[in-house]
Amino acid sequence: MTTYITTPIYYVNAQPHLGHAYTTIVADTYARFRRLAGDTVRFQTGTDEHGDKIAEAAAKDGVSPQEYVDRISAMFRESWPALDIVPDNFIRTTDADHVATVQKILQQVYDKGDIYFDKYTGLYCTGCERFLTEKELVDGKCPDHQTVPEEITEQNYFFRMSRYQQDLIDHIHANPEFITPERYRNEVLSFLSEPLEDLCISRPTSRLTWGIPLPFDDSFVTYVWFDALINYLTGIGYPDSDIFQRYWDVAEHVIAKDILKPHAIYWPTMILSMGLPLYKKLHVHGYWNVDETKMSKSIGNVVRPAELVAEFGVDCLRYFTLREMSFGLDSSFSADAIVARRNSDLANDLGNLFSRSTAMLNKYTAGVVPAPVATEDDTVLSAKAASLVETYRQSMGDFQFHRALASIWELISLANKYIVSNEPWALANDPEREQRLHTVLYNLHETLRLLTLLLQPVMPGICREMAKGLGIAEGDPLVTSLDTAAWGALLPGTKLVKIDALFPRMETRKKQQAPQQKKKQKKKKKSAQKTENMEGLITFDQFQDLELRVAEIVAAEAIKKSDRLLKLTVKAPEERTIVAGIAEYYKPEEIVGQQVLIVANLKPVKLMGVESQGMVLAAKVEEGGSSRLVLSAVSAPVPAGAKVA
Ligand code: MSP
């Protein structure tokens, strides 16, 4: 199979920001996923360099348009490797082959009678670089630029878009996946339910010279959208190259909702006029806002990907954007959200699973993957892995990256529980249970191998590290081909390699630190690394994440229909409700007034319909085959809410 995936070509009037980065990360991730699935893939991005906006930006900068576009285009091109984005082709609309292709297509469409000359009066928005219809205006202004469009009368060339309206409608109905998600397909169909106006595709050189001259009238240049959309064809060598033959039928475009109309209406009608088959799919995503506000230069909240990479690392940025945004819907970026994902999903869940498992393999089997026992009836991880691979293929193929990642994290959390419930450290102390130990360790290693394989499109950098740590050579199909996704593909005998912690934890968003503080942190990291190598143990950093406090029970009552649970109201120092499984051992009235220890920073959970905002600590006493709980206490009364250090 072949895949051709494209991003929009970005305007060079601004530097790359989180929005551009997201679309390009999506396309890169999809390209990597399709390669993992065995496809031959071509991935293209680039820059859109003609038009009023660019000419204006260059004039403002006091340089020639060419000088200006060379500079900003290079910024885009150079920003991608830092995000582990590896396009096969970077196209510029000022490239000579693109100019030639646009002119060839214009001539072809003109000769066919689909371009005509006419007078036109309309409302022109310079920001959008197009005439707006009355309907599109909000309070007389362009909704995107908040400016009143200018009324312009011009003689211009028009493309007979209306001629292809019905063919396009029929195509959308016959191909439900042509535009996804569905909400955007519906939006396009609703737009197409009204008669389409023809598209003005020229600008007189008296007004604009920075564009591609029309081949049949050099007193006009080409409207920037007619020029830009053709990049998808130029980039694969339309019309003569083999690459074009191989890739055009499978073209998939990724865009955000802002440029739906040019891609879902102008472009397909242009393609139909050219007599080509339509592209395969248009994938439309929502907008990134920042702290719930629109990202904009004037507000000063533009998020730069390079700064995020410097602070959080490229894998974290890629993971965060793909996990956090549901493809198609808007999402809000915040520094706290990225720190939280990094600490909880990456450092805690994935990083810990990796370090604990590999530390045990190093300790108990000298870093060599042992053979599992074939008869062992232990399918917890293998069964989960099998269903995960199915969901993964489906979700990644459908651009449901957040869903694919959520399923991967289910396996990670199951594997972390698997360690706790199988207690490999106890198995290692019992020579009779060595085979069981080997099975458990094999299963953990195989889980890590699968995770490395499946996460590779999203976090290629960290996966290279993980593969190395697992003793798997770079490029080995075990971590680069979904053909090896079946459980058990990894052969025993593989030798692990020691690597650094994958995601060292971050306290909060990095602030400028005093040297004294830095020293302290270094010391802390060192001691944390020391303990990390001992399986079953947690690090000091992990312990510090727990917030333990003294709480005073001010009220207690039984929870209906539960023999086990009491609803406690505690002061710590603020009042909160905690549901505790102590009803078999304590009557509500006998504990009111007691001071107990609680975990104060647990995520609230609902138990029997009551939200519990923490957990009470108690000793579990095992006696004669049964157990009971004895509440924790402090040896002398203290103010409610006192921290337990
Ligand atoms: N040059 C045209 C596209 C021509 S394609 C033939 C253009 N360029 S742009 O620089 O404005 O890029 C728009 C695209 O950048 C969006 O469709 C999206 O891919 C990305 N994003 C820009 N801002 C964004 C957000 N705030 N959020 C998400 N993506 C956004 O339009």
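For ligands, and for the atoms within them, numbers begin at 1 and follow the listed sequence. Hydrogens, waters and symmetry mates are skipped; everything else that's a heavy atom, side chains included, is used. What you are looking at is a predicted structure, and each value in this text was computed from that prediction instead of being measured.
- Within the 4.5 Å cutoff, no side-chain heavy atoms of Phe401 are placed close to those of Phe33.
- Nearest non-hydrogen protein atom to atom 3 (C) of ligand 1 is Ile9 O, 3.2 Å.
- The nearest protein atom to atom 12 (O) of ligand 1, hydrogens excluded, is given as Tyr10 CD2, 3.6 Å; this is a heavy-atom distance.
- Nearest to atom 30 (C) of ligand 1 among the protein's heavy atoms is Gly19 CA, 3.6 Å.
- When hydrogens are left out, the protein atom nearest atom 6 (C) of ligand 1 is Tyr232 OH, 3.5 Å; that is the closest non-hydrogen contact.
- Contacts of Lys294 with ligand 1, taken as heavy-atom pairs under 4.0 Å, are absent altogether.
- In terms of protein heavy atoms, atom 31 (O) of ligand 1 is closest to Ile259 CG2, 3.4 Å.
- Here the protein heavy atom with the shortest distance to atom 16 (C) of ligand 1 is Asp258 OD1, 3.3 Å.
- Atom NZ of Lys112 has more than 12 heavy atoms from other residues, nucleotides or ligands within 6.0 Å.
- Between Asp48 and Arg92, none of the side-chain N atoms (NZ, or NE/NH1/NH2) sits under 4.0 Å from a carboxylate O, so this pair counts as no salt bridge.
- Annotation for Gln166: atom CD counts as buried by contact number, over 12 foreign heavy atoms lying within 6.0 Å.
- Counting atoms of ligand 1 from 1 in the listed order, those under 4.0 Å from a heavy atom of Asp48 are 1 (N), 2 (C), 4 (C).
- In summary, the atoms of ligand 1 found under 4.0 Å from a heavy atom of Gly286, numbered by their order in the structure, are 28 (C).
- Residue contacts with ligand 1 include His263, since one or more of its heavy atoms lies under 4.0 Å from the ligand.
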Given His173 and Arg185, is the side chain to side chain contact (heavy atoms under 4.5 Å, CB included) satisfied, shown in steps? CA-CA 10 Å; His173 282 302; Arg185 174 177 185 262; 4.3 Å; yes
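- Of the N or O atoms in Asn231, none lie within a sub-3.5 Å distance of an N or O in ligand 1.
- Considering backbone and side-chain N/O of Ala256, one or more are found under 3.5 Å from N/O of ligand 1.
- Note that the CZ atom of Phe399 and the OG1 atom of Thr29 stand 9.5 Å from one another [nearest 0.5 Å].
- The His285 neighbourhood of ligand 1 comprises atoms 19 (O), 28 (C), 29 (N), with distances under 4.0 Å to a heavy atom of that residue.
- For Trp288, a nitrogen or oxygen atom sits less than 3.5 Å from a nitrogen or oxygen atom of ligand 1, counting backbone and side chain alike.
- Ion pairing between a basic and an acidic side chain is recognised when a charged N comes within 4.0 Å of a carboxylate O; Arg163 and Asp198 show no such pairing.
- Every atom of ligand 1 with a heavy atom of Met295 under 4.0 Å away is listed here by number and element: 26 (N).
- Looking at atom 22 (C) of ligand 1, its nearest protein heavy atom turns out to be His17 CE1, 3.6 Å.
- Glu324 has a carboxylate O that lies under 4.0 Å from a charged side-chain N of Arg341, or vice versa, which qualifies the two as a salt bridge.
- Counting heavy atoms of neighbouring residues, nucleotides and ligands inside a 6.0 Å radius, atom CD of Gln66 exceeds 12 of them.
- Contacts between Tyr22 and ligand 1 below 4.0 angstrom, taking non-hydrogen atoms only, are absent altogether.
- Both the sub-6.0 Å distance and the 45° axial angle are satisfied by Arg207 relative to the ring of Tyr124.
- For the pair Pro268 and Tyr279, the tightest heavy-atom approach, listed with the atom from each and the gap, is CG-OH, 3.9 Å.
- For a threshold of 3.5 Å applied to N or O pairs, the pair formed by Tyr11 and ligand 1 contains at least one separation below that value.
- For Lys135 and Glu194, the salt-bridge test passes: some basic side-chain N is under 4.0 Å from an acidic carboxylate O.
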What verdict does the side chain to side chain contact (heavy atoms under 4.5 Å, CB included) test give for Val224 and Trp210, after you've listed the backbone C-alpha separation in whole Å, the side-chain angles of each residue and the deciding distance to 0.1 Å? CA-CA 10 Å; Val224 68; Trp210 186 240; over 6 Å; no
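- Residue Thr23 has at least one N or O atom closer than 3.5 Å to an N or O atom of ligand 1.
- Ligand 1 lies within reach of Trp225, whose nearest heavy atom is under 4.0 Å from it.
- Between Pro8 and ligand 1, no N or O atom pair is found at a separation short of 3.5 Å.
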